[in-house]
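Okay, so here's the structure we're looking at.
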There are 2 protein chains.
Amino acid sequence: MSLCQLRYFVAVAEEGHVGRAAQRVHVSQPPLTRQIRALEEELGIPLFERTPRGMRLLAPGRCLLTRARTILAEVDAAVADVARHRPPPGPPG
Amino acid sequence: MSLCQLRYFVAVAEEGHVGRAAQRVHVSQPPLTRQIRALEEELGIPLFERTPRGMRLLAPGRCLLTRARTILAEVDAAVADVARHRPPPGPPG
DNA sequence: GTCGTGCGATACCAAAAAGGTATTGGACGA
DNA sequence: TCGTCCAATACCTTTTTGGTATCGCACGAC
(Lines give C-alpha, C1' and ligand atoms only; values in the text may rest on other atoms or scores of the structure.)
Protein backbone atom coordinates (compact mmCIF):
# COMPACT_ATOMS: atom_id res chain seq x y z
CA MET A 1 0.00 0.00 0.00
CA SER A 2 1.24 3.46 -0.87
CA LEU A 3 0.21 7.00 0.05
CA CYS A 4 -0.58 7.50 -3.60
CA GLN A 5 -3.03 4.62 -3.52
CA LEU A 6 -4.66 6.07 -0.43
CA ARG A 7 -5.09 9.43 -2.17
CA TYR A 8 -6.60 7.71 -5.17
CA PHE A 9 -8.87 5.69 -2.94
CA VAL A 10 -10.15 8.75 -1.09
CA ALA A 11 -10.82 10.52 -4.39
CA VAL A 12 -12.83 7.61 -5.78
CA ALA A 13 -14.68 7.15 -2.52
CA GLU A 14 -15.66 10.81 -2.36
CA GLU A 15 -16.55 11.14 -6.04
CA GLY A 16 -18.23 7.78 -6.39
CA HIS A 17 -16.91 7.82 -9.92
CA VAL A 18 -13.53 6.75 -11.27
CA GLY A 19 -13.59 9.24 -14.11
CA ARG A 20 -14.20 12.26 -11.91
CA ALA A 21 -11.71 11.01 -9.33
CA ALA A 22 -9.13 10.69 -12.09
CA GLN A 23 -9.62 14.32 -13.06
CA ARG A 24 -9.33 15.34 -9.45
CA VAL A 25 -6.01 13.61 -8.89
CA HIS A 26 -4.72 14.47 -12.39
CA VAL A 27 -4.37 10.95 -13.68
CA SER A 28 -6.22 9.13 -16.44
CA GLN A 29 -8.96 6.66 -15.66
CA PRO A 30 -7.26 3.31 -16.40
CA PRO A 31 -4.33 3.70 -13.99
CA LEU A 32 -6.76 4.79 -11.30
CA THR A 33 -8.93 1.72 -11.85
CA ARG A 34 -5.82 -0.42 -11.68
CA GLN A 35 -4.55 1.10 -8.44
CA ILE A 36 -7.90 0.67 -6.75
CA ARG A 37 -8.00 -2.97 -7.77
CA ALA A 38 -4.42 -3.46 -6.61
CA LEU A 39 -5.37 -2.00 -3.24
CA GLU A 40 -8.34 -4.33 -2.95
CA GLU A 41 -6.17 -7.29 -3.89
CA GLU A 42 -3.51 -6.36 -1.37
CA LEU A 43 -6.07 -6.01 1.39
CA GLY A 44 -7.79 -9.18 0.24
CA ILE A 45 -11.24 -7.61 0.25
CA PRO A 46 -13.40 -5.49 -2.08
CA LEU A 47 -13.70 -1.84 -1.10
CA PHE A 48 -16.31 -0.80 -3.65
CA GLU A 49 -19.37 -2.17 -5.30
CA ARG A 50 -19.29 -1.57 -9.07
CA THR A 51 -22.61 -0.33 -10.35
CA PRO A 52 -23.62 0.89 -13.80
CA ARG A 53 -23.71 4.38 -12.24
CA GLY A 54 -20.30 4.32 -10.65
CA MET A 55 -18.50 3.09 -7.55
CA ARG A 56 -20.26 2.61 -4.25
CA LEU A 57 -18.35 2.21 -0.97
CA LEU A 58 -18.74 -1.08 0.84
CA ALA A 59 -18.34 -1.46 4.60
CA PRO A 60 -14.58 -2.19 4.47
CA GLY A 61 -14.22 0.82 2.20
CA ARG A 62 -15.98 3.10 4.67
CA CYS A 63 -13.69 1.77 7.36
CA LEU A 64 -10.62 2.49 5.26
CA LEU A 65 -11.84 5.91 4.18
CA THR A 66 -11.83 7.22 7.72
CA ARG A 67 -8.37 5.87 8.37
CA ALA A 68 -6.99 7.02 5.04
CA ARG A 69 -8.09 10.59 5.70
CA THR A 70 -6.36 10.50 9.04
CA ILE A 71 -3.16 9.11 7.58
CA LEU A 72 -3.04 11.64 4.76
CA ALA A 73 -3.68 14.46 7.20
CA GLU A 74 -0.84 13.24 9.39
CA VAL A 75 1.47 13.14 6.42
CA ASP A 76 0.59 16.73 5.58
CA ALA A 77 1.14 17.70 9.19
CA ALA A 78 4.51 15.96 9.23
CA VAL A 79 5.65 17.78 6.12
CA ALA A 80 4.50 21.11 7.52
CA ASP A 81 6.16 20.39 10.85
CA VAL A 82 9.48 19.50 9.30
CA ALA A 83 9.24 22.52 7.02
CA ARG A 84 9.15 24.76 10.08
CA HIS A 85 12.81 23.87 10.59
CA ARG A 86 13.64 25.05 7.10
CA PRO A 87 15.29 28.46 6.90
CA PRO A 88 13.11 31.06 5.20
CA PRO A 89 13.84 31.52 1.48
CA GLY A 90 15.06 35.05 2.08
CA PRO A 91 13.85 38.35 0.62
CA PRO A 92 12.57 38.24 -2.96
CA GLY A 93 15.02 39.25 -5.69
CA MET B 1 7.12 11.14 0.02
CA SER B 2 6.17 7.49 0.22
CA LEU B 3 5.47 5.07 3.04
CA CYS B 4 8.48 3.13 1.85
CA GLN B 5 10.69 6.17 2.33
CA LEU B 6 9.29 6.65 5.82
CA ARG B 7 10.11 3.04 6.70
CA TYR B 8 13.61 3.49 5.36
CA PHE B 9 14.00 6.71 7.27
CA VAL B 10 12.89 5.16 10.56
CA ALA B 11 15.31 2.29 10.06
CA VAL B 12 18.26 4.59 9.41
CA ALA B 13 17.29 6.86 12.29
CA GLU B 14 17.06 3.96 14.72
CA GLU B 15 20.19 2.17 13.52
CA GLY B 16 22.27 5.29 13.01
CA HIS B 17 23.87 3.38 10.19
CA VAL B 18 22.80 2.99 6.57
CA GLY B 19 24.34 -0.44 6.21
CA ARG B 20 22.53 -1.94 9.20
CA ALA B 21 19.30 -0.19 8.25
CA ALA B 22 19.61 -1.72 4.80
CA GLN B 23 19.86 -5.20 6.27
CA ARG B 24 16.87 -4.50 8.48
CA VAL B 25 14.61 -3.44 5.62
CA HIS B 26 16.02 -6.04 3.23
CA VAL B 27 17.46 -3.65 0.68
CA SER B 28 21.04 -2.95 -0.31
CA GLN B 29 22.86 0.11 0.92
CA PRO B 30 22.95 2.33 -2.19
CA PRO B 31 19.18 2.48 -2.81
CA LEU B 32 18.68 3.26 0.86
CA THR B 33 21.17 6.14 0.70
CA ARG B 34 19.39 7.45 -2.36
CA GLN B 35 15.94 7.32 -0.83
CA ILE B 36 17.09 9.15 2.26
CA ARG B 37 18.65 11.85 0.12
CA ALA B 38 15.51 12.05 -2.01
CA LEU B 39 13.46 12.52 1.14
CA GLU B 40 15.75 15.29 2.34
CA GLU B 41 15.57 16.98 -1.04
CA GLU B 42 11.80 16.76 -1.16
CA LEU B 43 11.50 18.25 2.31
CA GLY B 44 14.13 20.82 1.47
CA ILE B 45 16.12 20.19 4.62
CA PRO B 46 18.78 17.73 5.87
CA LEU B 47 17.51 15.09 8.28
CA PHE B 48 20.86 13.55 9.21
CA GLU B 49 24.38 14.63 9.87
CA ARG B 50 26.87 12.40 8.05
CA THR B 51 29.75 11.43 10.27
CA PRO B 52 32.62 9.03 9.67
CA ARG B 53 30.88 6.73 12.16
CA GLY B 54 27.43 6.78 10.59
CA MET B 55 24.28 8.86 10.43
CA ARG B 56 23.23 11.15 13.24
CA LEU B 57 19.72 12.59 13.48
CA LEU B 58 19.37 16.36 13.23
CA ALA B 59 16.52 18.31 14.80
CA PRO B 60 14.24 18.10 11.75
CA GLY B 61 14.97 14.39 11.61
CA ARG B 62 13.93 13.90 15.23
CA CYS B 63 10.75 15.78 14.46
CA LEU B 64 10.03 13.57 11.49
CA LEU B 65 10.91 10.37 13.33
CA THR B 66 8.12 10.84 15.83
CA ARG B 67 5.61 11.59 13.13
CA ALA B 68 6.80 8.80 10.86
CA ARG B 69 6.33 6.22 13.61
CA THR B 70 2.81 7.47 14.16
CA ILE B 71 1.98 7.34 10.47
CA LEU B 72 3.37 3.84 10.01
CA ALA B 73 1.50 2.63 13.06
CA GLU B 74 -1.73 4.08 11.68
CA VAL B 75 -1.16 2.34 8.40
CA ASP B 76 -0.71 -0.96 10.20
CA ALA B 77 -3.85 -0.29 12.20
CA ALA B 78 -5.78 0.54 9.05
CA VAL B 79 -4.73 -2.69 7.38
CA ALA B 80 -5.65 -4.68 10.47
CA ASP B 81 -8.98 -2.91 10.78
CA VAL B 82 -9.94 -3.53 7.17
CA ALA B 83 -8.78 -7.12 7.49
CA ARG B 84 -11.37 -7.65 10.22
CA HIS B 85 -14.01 -7.41 7.50
CA ARG B 86 -12.34 -10.20 5.58
CA PRO B 87 -14.04 -13.58 5.86
CA PRO B 88 -11.92 -16.14 7.72
CA PRO B 89 -9.89 -18.43 5.46
CA GLY B 90 -11.88 -21.44 6.61
CA PRO B 91 -10.74 -24.65 8.31
CA PRO B 92 -7.34 -25.99 7.30
CA GLY B 93 -7.29 -28.67 4.63
C1' DG C 1 53.47 9.45 6.73
C1' DT C 2 51.14 5.42 4.75
C1' DC C 3 48.25 1.68 4.68
C1' DG C 4 44.14 -0.91 6.08
C1' DT C 5 39.34 -0.39 7.52
C1' DG C 6 34.75 1.25 7.77
C1' DC C 7 31.52 4.57 6.44
C1' DG C 8 28.27 6.92 3.02
C1' DA C 9 28.11 8.47 -2.00
C1' DT C 10 28.22 7.67 -6.89
C1' DA C 11 28.18 5.27 -11.60
C1' DC C 12 26.00 2.27 -14.24
C1' DC C 13 22.82 -1.27 -15.50
C1' DA C 14 18.51 -4.30 -14.94
C1' DA C 15 13.98 -4.97 -13.23
C1' DA C 16 9.67 -3.39 -11.70
C1' DA C 17 6.04 -0.09 -11.34
C1' DA C 18 3.21 3.56 -13.00
C1' DG C 19 1.02 6.18 -16.49
C1' DG C 20 -1.08 7.08 -21.26
C1' DT C 21 -4.02 5.98 -25.49
C1' DA C 22 -7.14 3.04 -27.58
C1' DT C 23 -10.50 -0.31 -27.06
C1' DT C 24 -13.74 -3.61 -24.92
C1' DG C 25 -17.87 -5.27 -22.40
C1' DG C 26 -22.01 -4.43 -19.85
C1' DA C 27 -26.11 -1.89 -18.24
C1' DC C 28 -29.48 1.35 -19.20
C1' DG C 29 -32.81 4.51 -21.70
C1' DA C 30 -34.78 6.42 -26.05
C1' DT D 1 -31.58 -1.96 -31.46
C1' DC D 2 -28.78 1.78 -31.04
C1' DG D 3 -26.44 5.49 -28.45
C1' DT D 4 -24.53 6.64 -24.06
C1' DC D 5 -22.06 6.15 -19.89
C1' DC D 6 -19.57 3.53 -16.86
C1' DA D 7 -15.43 0.57 -15.31
C1' DA D 8 -12.14 -2.91 -17.17
C1' DT D 9 -8.55 -4.49 -20.27
C1' DA D 10 -4.75 -4.55 -23.91
C1' DC D 11 -0.73 -2.69 -25.21
C1' DC D 12 3.06 0.41 -25.15
C1' DT D 13 6.19 4.11 -23.10
C1' DT D 14 8.18 6.36 -19.36
C1' DT D 15 9.58 6.69 -14.74
C1' DT D 16 11.08 4.79 -10.60
C1' DT D 17 13.38 1.54 -7.90
C1' DG D 18 16.79 -1.81 -6.79
C1' DG D 19 21.40 -4.31 -7.45
C1' DT D 20 26.62 -4.70 -8.17
C1' DA D 21 30.82 -2.51 -8.40
C1' DT D 22 33.45 1.30 -7.17
C1' DC D 23 34.82 5.77 -5.32
C1' DG D 24 36.18 9.34 -1.80
C1' DC D 25 36.88 10.40 2.80
C1' DA D 26 38.09 10.09 7.72
C1' DC D 27 40.27 7.61 11.19
C1' DG D 28 43.50 4.43 13.71
C1' DA D 29 47.50 1.20 13.71
C1' DC D 30 51.95 0.98 12.96
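Chain letters run A, B, ... following the sequence lines, proteins first and then strands; every chain starts at 1. Just so it is clear, the model here is predicted, and its values are computed rather than measured.
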Separation of [X] atom [atom1] from [N] atom [atom2], in whole Å?
X	N	atom1	atom2	answer
A:Leu3	C:dA18	CG	P	13 Å
B:Gln35	C:dT10	CD	C1'	15 Å
A:His17	D:dC5	NE2	P	10 Å
A:His26	C:dA18	NE2	C1'	18 Å
A:Met55	D:dA8	CE	C1'	10 Å
B:Arg37	C:dA9	CZ	C1'	7 Å
A:Glu40	D:dA8	CD	C1'	12 Å
A:Gln5	C:dG19	CD	C1'	14 Å

Original post:
Closest nucleotide of DNA chain C for A:Arg53 versus for A:Ser28: which of these residues is on the 5' side?
Top reply: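 Upstream on the strand: A:Ser28.
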Subject >> Closest-nucleotide 5' rank along DNA chain C - winner of A:Cys4 and B:Pro31 >> reply: B:Pro31
Would you say [X] reaches [N]'s phosphate, i.e. side-chain N/O to OP1/OP2 under 4.0 Å?
X	N	result
B:Tyr8	D:dT17	no
A:Arg50	D:dC6	no
B:Gln29	D:dT20	no
A:Thr33	D:dA7	no
B:Arg34	D:dG18	no

Original post:
Have A:Glu74 and A:Thr70 got a donor and an acceptor in their side chains that come within less than 3.5 Å?
Top reply: no
Subject >> B:Phe9 and B:Leu47: CA distance, side-chain angles, deciding distance, side chain to side chain contact (heavy atoms under 4.5 Å, CB included) verdict >> reply: CA-CA 9 Å; B:Phe9 166 75; B:Leu47 300 171; 3.9 Å; yes
Original post:
What heavy-atom pair brings A:Pro60 and B:Val82 nearest, and what distance separates the two atoms?
Top reply: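 Shortest heavy-atom separation between A:Pro60 and B:Val82 comes out as O-CG2, 4.1 Å.
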**OP:** Return the minimal non-hydrogen interatomic distance between A:Gln5 and A:Gln35, and the atom names on each side.
**Re:** NE2-OE1, 3.0 Å
Original post:
Just checking A:Phe48: base, sugar-phosphate only, or nothing, at a heavy-atom cut-off of under 4.0 Å?
Top reply: nothing
